[in-house]
There are 2 protein chains.
Amino acid sequence: MGVTIHDVAAHAGVSVATASRALSGQRGVRQANRDKVVAAARELGYEPNVVAASLRSRTTHTIGMVVPRIGNPFFATLVEEVEKQLQGGNRSLLLANSDYQPEVERRQVQALLDRRVDALLLIPCHRERSEEALAAAAARIPVVQLDLRVDGFDASWVGVDNEAGMRELLGHLDARRTVFVGAEPTDSSAQSRLDGYRRAGAGDEVLLGDFSKEWGEKAAGRLLSEGLPEAVVCGNDVIALGVLAEFARRGVRVPQEVRVTGFDDIPYAELGQPALTTIRQPQAEIAAEAVRVLHDRLAGVETTSRRTAITPALVARSSG
Amino acid sequence: MGVTIHDVAAHAGVSVATASRALSGQRGVRQANRDKVVAAARELGYEPNVVAASLRSRTTHTIGMVVPRIGNPFFATLVEEVEKQLQGGNRSLLLANSDYQPEVERRQVQALLDRRVDALLLIPCHRERSEEALAAAAARIPVVQLDLRVDGFDASWVGVDNEAGMRELLGHLDARRTVFVGAEPTDSSAQSRLDGYRRAGAGDEVLLGDFSKEWGEKAAGRLLSEGLPEAVVCGNDVIALGVLAEFARRGVRVPQEVRVTGFDDIPYAELGQPALTTIRQPQAEIAAEAVRVLHDRLAGVETTSRRTAITPALVARSSG
DNA sequence: TTGAAAGCGCTAACAC
DNA sequence: GTGTTAGCGCTTTCAA
């Protein structure tokens, strides 16, 4: 705090320009000078002011990320994987939570843009109402949508083929009567899982709430009073764990009396009793691909938007 | 992008200084001018460059936060609560993961300091080896340790009284023979929970690994072959869920044959079967207090370090 | 390969 | 209350 590149340059007996070039590893600096500068920097305990560098170079080496709910282990794991991908490349992650509210999301995206993040990873919390935030960002910097997406907006996206996952699940269940317990199709996954369920010809019995364990518990109660199907197909693992908990409390045996499935394969899916049958989303792969797309865009290699859908795999456990 | 405060000032017919004052809500600007400036800014689509503002004002309105593992729902919830606290105050959160590695943690803290965060929330992953990172940060900016702490370092801390929690738990169990399944005391919670267990006179049977479900599963297997105690006291919920899962797989009935307890009360603690008896950490309170301490420090109100230990409460469920 | 000098866009003294 | 001006610390022309 206090020692600037001027001090380093003076100490090394070169100009600030040379010091700057040496410190940022540019070529075109004589090796002897390079060494002197590096030594001086170390000796003086020089800590570059990246804010100043950003102002001039117009790049912050920071990537913004907005998630609907960091408390959901699925998103937390995604964040962790993105962080891991960024480790090598000297970029940091500026994280924000939208709390599933498009208004909050818009403000958070704006705050990130104000901070001049180089690029944005967005998990848009709403299929339609996230468009404004996405558009605002996409107009300025490279943006990749992660997991969720905005309907009909031309921007890169990396996620999972939810419909294929749902087909796989229903094929595995091969049940006579199922009920889908999902979330109102406000986000794209809620929508495509519901679509997948319906298109697979599993029938039209659907209960829609939100992606919470509380909703799962409530829905389970309702199913109990209306008559249990052969299988309950849940929109994600969190709902399924709520369903399982309520069934356990009411003394309903799973899978003997009713089978239950989830979606995502969060770490807690396999810990319950019974362990949850679900569809695994490969978060490491999704994160790696998203970061790759972003880097390509930042490097100017790629300019068009790219959509990548990974086919998720069934994880059959005892609940279904 | 392109329109600067000079443009706004010109458009409003005032100087840049007045424009700056009006835009940042300082008093000492005539209302008429204030209105003109705001109108001009809106009209031109002015987006302030906070990087430039930061360079000059030496404040970034950004708070850094380093957590050991964002994938652990306990930490994820803490992050979420901190985010919530920050919402009002126009500060953003720069998040980093240390992966429980002091080396990584040190690098992450340095990256945050390089970005000139105004303050740091640190959950030090190691009782001793996190000291270097903590000291580096504390020398430059206000720092508050959250949940975990570094031994014998004079810095603010907000967390829970782990020993009290452990006493409460053991009092509730009132068991003849217990075994503690915890983590090697590399972080302060692992240490103080172990201490609490021992000091409560619960005996000396301890199995130490790390805070993972895999360790819980392994420890459960070991207990099974060595003879079950009356109760298994786990170092946190994640371990306890692993223990529970393994017992379930091996057909051991909980709590009939053995009781199991956790620590933290993560959202998944109550979802398992049986629901987990545990100690609740009030994350919202911890986050609120930490942010308050930080704000006081940033406002210059408080200069000495402050340690706040919240007494956690027992949540008795069916597992113990 | 190097150095001098001009800003990046803003805020904060300072003068009026 | 307002304007002028001098930087914040760095990178990047532009000349040499």
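Just the heavy atoms: all of them, side chains too, but no hydrogens, waters or symmetry mates, feed the values below. A note on names: the letters A, B, ... follow the listed sequences, proteins ahead of strands, and every chain is numbered from 1.
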| said: Quick check: on DNA chain D, is the nucleotide nearest B/G28 upstream (toward 5') of the one nearest A/S24, or the reverse? Name the residue that is more 5'. | reply: B/G28

| task | Establish, from distance only, whether the side-chain atoms of A/N33 and A/T18 form a donor-acceptor pair under 3.5 Å. | result | no

| said: For the residue pair B/D187 / B/Q191, report whether a side-chain donor-acceptor contact shorter than 3.5 Å exists. | reply: no

| Going by atom types alone, do A/T62 and B/R115 pair a side-chain donor with an acceptor below 3.5 Å? | yes

| note | B/E47 CD to C/dC10 C1', in whole Å, measures 16 Å

| query | OP1 or OP2 of C/dT2 sitting under 4.0 Å from any side-chain N/O of A/T18? | reply | no

| 4.5 Å side-chain heavy-atom contact, B/R307 and B/V158 | no

| field | Spacing between A/R27 atom CZ and C/dT1 atom P, to the nearest angstrom | value | 9 Å

| query | Contact class for B/V51 (heavy atom, under 4.0 Å): base, sugar-phosphate, or nothing? | reply | nothing

| task | Report the distance from atom CG of A/N33 to atom P of C/dG3, rounded to the nearest whole Å. | result | 7 Å

| request: Answer with base, sugar-phosphate or nothing: what part of the nucleic acid does B/V50 contact at a heavy-atom distance below 4.0 Å? | output: nothing

| request: Give the first and the last nucleotide of DNA chain D, reading 5' to 3', that has any atom under 4.0 Å from a heavy atom of chain B. | output: D/dG1 to D/dG9

| message | Tell me whether A/K84 is salt-bridged to B/D99, with the criterion being a basic N under 4.0 Å from an acidic carboxylate O. | response | no

| query | Please give, in whole Å, the distance from C/dG3 C1' to A/I5 CD1? | reply | 13 Å

| A/Q31 CD to C/dT1 P, straight-line distance once rounded to whole Å | 11 Å

| query | Tell me: CZ of B/R116 to P of C/dC10, nearest whole Å? | reply | 20 Å

| request: Give the rounded distance in Å between these two atoms: CZ of A/R21 and C1' of C/dG3. | output: 8 Å

| query | Does B/R106 have any salt bridge (charged side-chain N to carboxylate O under 4.0 Å, His left out) partners at least two apart in sequence or in another chain, and if so, which? | reply | B/E103

| task | Answer yes or no: does a side-chain N or O of B/S57 lie under 4.0 Å from OP1 or OP2 of C/dT11? | result | no

| said: Do the side chains of A/R129 and A/E105 get close enough for a salt bridge, i.e. N-O under 4.0 angstrom? | reply: no

| note | To the nearest angstrom, the CG-C1' distance between A/L55 and C/dG9 comes to 6 Å

| Distance-only donor-acceptor test, A/R56 side-chain atoms vs C/dG9 base atoms, 3.5 Å | no

| request: Give one of base, sugar-phosphate or nothing for A/A17, where a contact means two heavy atoms less than 4.0 Å apart. | output: base

